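A short worksheet on the structure shown next.
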Amino acid sequence: QVQLVESGGGLVQPGGSLRLSCAASGRIFTINEMGWYRQAPGKQRELVAAISSGGSTNVADSVKGRFTISRDNVKNTVALQMNSLKPEDTSVYYCHAWIQSPGSNYYNAYWGQGTQVTVSS
């Protein structure tokens with residue numbers, strides 16, 4: 001099996017920073033795109049940022065210039081550095097990855113358990 005384990009959420013004041021980390025483990029042959037999504041109560045899950053295995057990034061307009069996504073292909077980790085946080089960034093953040101397991105011909109989508117980020121004074 002494959003697991004994505006997130007860490008780094010919490011409570012922060014507006015204007016503050018947080019760093020989220022996600023580690024993939026288990027039966028992994030190769031990882032394609034990794035990313036972060038978020039879902040606030042009553043809203044749809046939305047893409048925050050994604051990064052390809054080659055390092056190309058896709059960042060939502062709402063967080064562009066404030067959030068930075070990065071990954072370590074050796075350690076199978078992805079991180080989200082969040083700066084200048086706003087109350088509207090409050091949400092549950094989910095790690096996501098497309099992972100191919102040994103012996104498989106295709107990629108499966110995996111999700112982390114989610115980590116709460118609350119931006120409030």
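Because the structure is a prediction, the values reported are computed rather than measured.
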Is any side-chain heavy atom of [X] closer than 4.5 Å to a side-chain heavy atom of [Y]?
| X | Y | result |
| --- | --- | --- |
| V117 | V119 | yes |
| S101 | V2 | yes |
| I99 | L4 | yes |
| Y106 | N108 | yes |

Give a yes or no on whether the backbone of [Y] and the side-chain of [X] come within a donor-acceptor separation of less than 3.5 Å.
| X | Y | result |
| --- | --- | --- |
| E6 | Q113 | yes |
| T90 | T118 | no |
| S91 | Y93 | no |

Side-chain heavy atoms under 4.5 angstrom apart, residues restricted to Ile, Leu, Val, Met, Phe, Trp, Tyr: same cluster for [X] and [Y]?
| X | Y | answer |
| --- | --- | --- |
| W98 | Y94 | no |
| L47 | V92 | yes |
| I31 | I69 | yes |

Drop me the distance from [X]'s [atom1] to [Y]'s [atom2], to the nearest 0.5 angstrom.
| X | Y | atom1 | atom2 | value |
| --- | --- | --- | --- | --- |
| Q13 | L85 | CD | CG | 11.5 Å |
| S121 | L11 | OG | CG | 9.5 Å |
| I51 | S56 | CD1 | OG | 8.0 Å |

>> N73: which residues meet the side chain to side chain contact (heavy atoms under 4.5 Å, CB included) condition with it, sequence neighbours left out?
In response: R71

>> C95 and side chain to side chain contact (heavy atoms under 4.5 Å, CB included): which single residue from L80, V78, V5, T115 fits?
In response: V78

Validation: residues 14-28 side-chain donor-acceptor distances under 3.5 Å, sequence neighbours left out:
residue : atom : partner : partner atom : Å
S17     : OG   : N83     : OD1          : 2.9
R19     : NH1  : Q81     : OE1          : 3.4
R27     : NH2  : P102    : O            : 3.3

> Does Y110 have any ring pair (Phe, Tyr, Trp, His ring centres under 6.0 Å) partners at least two apart in sequence or in another chain, and if so, which?
Replying inline: none

> For residues 87-96, which residue pairs qualify under salt bridge (charged side-chain N to carboxylate O under 4.0 Å, His left out), counting only residues two or more places apart or in two chains?
Replying inline: R38-D89, R66-D89

> Restricting to pairs with a member in residues 2-50, which pass ring-ring contact (aromatic ring centres under 6.0 Å, His included), not counting sequence neighbours?
Replying inline: Y37-H96, Y37-W111

> How would you list, by chain and number, every residue that makes a salt bridge (Lys or Arg N to Asp or Glu O under 4.0 Å) with K64, sequence neighbours excluded?
Replying inline: D61

>> Surrounding CD of Q3 (heavy atoms of other residues, nucleotides or ligands, distance under 6.0 Å), is the total greater than 12?
In response: no

